[in-house]
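Report on the structure given below.
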Amino acid sequence: SEEHTSDWSSDVCSSDLGFASPYPEVGEKVCAGDDEDFVTIVTAGTDLMFDIMEAQENAWGDENYRECGSTAIIRIDDFTPEDDEWEDYYKGSGELPEDALGVTLAGLKKASENPEIKNILFDLTLNFGGSNDLMSAVLDLLTGENECGGFNTLTGQHQHVVVKTDKNLDGVIDSEDDKVKYDYNYAVLTSRQSFSCGNLFPFLMQKEGAVLIGEPTGGGSCMIQLSTLSSGVMFQMSSYMWTTRDEKGEPLENGYRIDLPIERIEPEVPSNQDPRFSTGDYSPFYNDEKLDKMICGWFGD
């Protein structure tokens, strides 16, 4: 995935790095946008992002939890951990952090206070990814699933990573954590802007029985490597040696399918010849009554 790859060393775009790039001509080309096709894609993708952002903001405001019918909706825009806040929380000197795990825990608590709630829907329409560790912690909390599979392209082996988390927040990871269970139907709302962990999380949730709603995800999911060349160039790249694949052995880098599609409102004149980058009205994605009805219809009584 090209979106996971970037050069950190050029001082052409930023003067805060403290050193000069060994290859300034590369940085100049990247920052000048000499690649016309790349600039066109980035610009179109940004326009699309603002369409989704506007519709989401109109529906959510500054909140990250709401209810409709028998469905509670939890909004997660990234999987970036608030490490310092968690350290303070465990020391007893801070509140529950408002990262993906904290927001999920708070949302589940609110949902449990309403006996009418049977479904939990996660809004990942603007989730651009983050830490695989935090994403795995949320997955373990919801489903008890603590294995994340991958494929080693170098050896041809299917591998898995086992994740253990402190689900009851008592400061230790033990058998007591296995007793924490949440009996809900799960759903995930996605868009073509759901990227990286925002692409991987829906896939893993679907494997555990969740229904995916919206439009196919934007892709990305493989492991990220941070590297430094001998010349001093620092960069990050998608690791082609360890990738996540579906049950058919296909990689998830180009996005993942959904179960129940939602059609956005298309403009009379498309803004881009590539429909993936054409703008549109995403307000139907945030129609709570419609979402509740779709989820209830999927799972039945």
May I ask you to say whether [X] pairs ionically with [Y], meaning some side-chain N is under 4.0 Å from a carboxylate O?
| X | Y | value |
| --- | --- | --- |
| D166 | K164 | no |
| K91 | E87 | yes |
| R264 | E266 | yes |
| K290 | D288 | no |
| E113 | K110 | no |

What heavy-atom pair brings [X] and [Y] nearest, and what distance separates the two atoms?
| X | Y | answer |
| --- | --- | --- |
| A100 | I76 | CB-CG2, 3.7 Å |
| G69 | I117 | O-CD1, 4.0 Å |
| F79 | C197 | CD1-CB, 3.6 Å |

Look up atom [atom1] in [X] and atom [atom2] in [Y], then write down how far apart they are to the nearest 0.5 Å.
| X | Y | atom1 | atom2 | answer |
| --- | --- | --- | --- | --- |
| L200 | N127 | CG | CG | 10.5 Å |
| I52 | Y282 | CD1 | OH | 4.0 Å |
| D51 | I265 | CG | CD1 | 11.5 Å |
| E116 | T71 | CD | OG1 | 11.5 Å |
| D78 | L126 | CG | CG | 11.0 Å |

**Asked** Between D292 and S70, is any side-chain donor less than 3.5 angstrom from a side-chain acceptor?
**Response** yes
**Message:** Under 3.5 Å, is there a donor on one side chain and an acceptor on the other for W60 and D123?
**Reply:** yes
**Prompt:** Distance-only, no hydrogens or angles: does the T143 side chain make a donor-acceptor pair with backbone N or O of L139 under 3.5 Å?
**Reply:**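 Checked: pair present.
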**Asked** Counting distance only, does the side-chain N/O of S194 pair as donor-acceptor with the main-chain N or O of G218 below 3.5 Å?
**Response** no
**Asked** If you draw a 6.0 Å radius around CD in E98, do more than 12 non-hydrogen atoms from other residues or ligands fall strictly inside?
**Response**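 At most 12 heavy atoms, drawn from other residues, nucleotides or ligands, come within 6.0 Å of this atom.
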**Message:** Taking the side chain as everything from C-beta on, heavy atoms only, tell me whether F122 gets closer than 4.5 Å to I120.
**Reply:**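 SC-SC contact between F122 and I120 confirmed.
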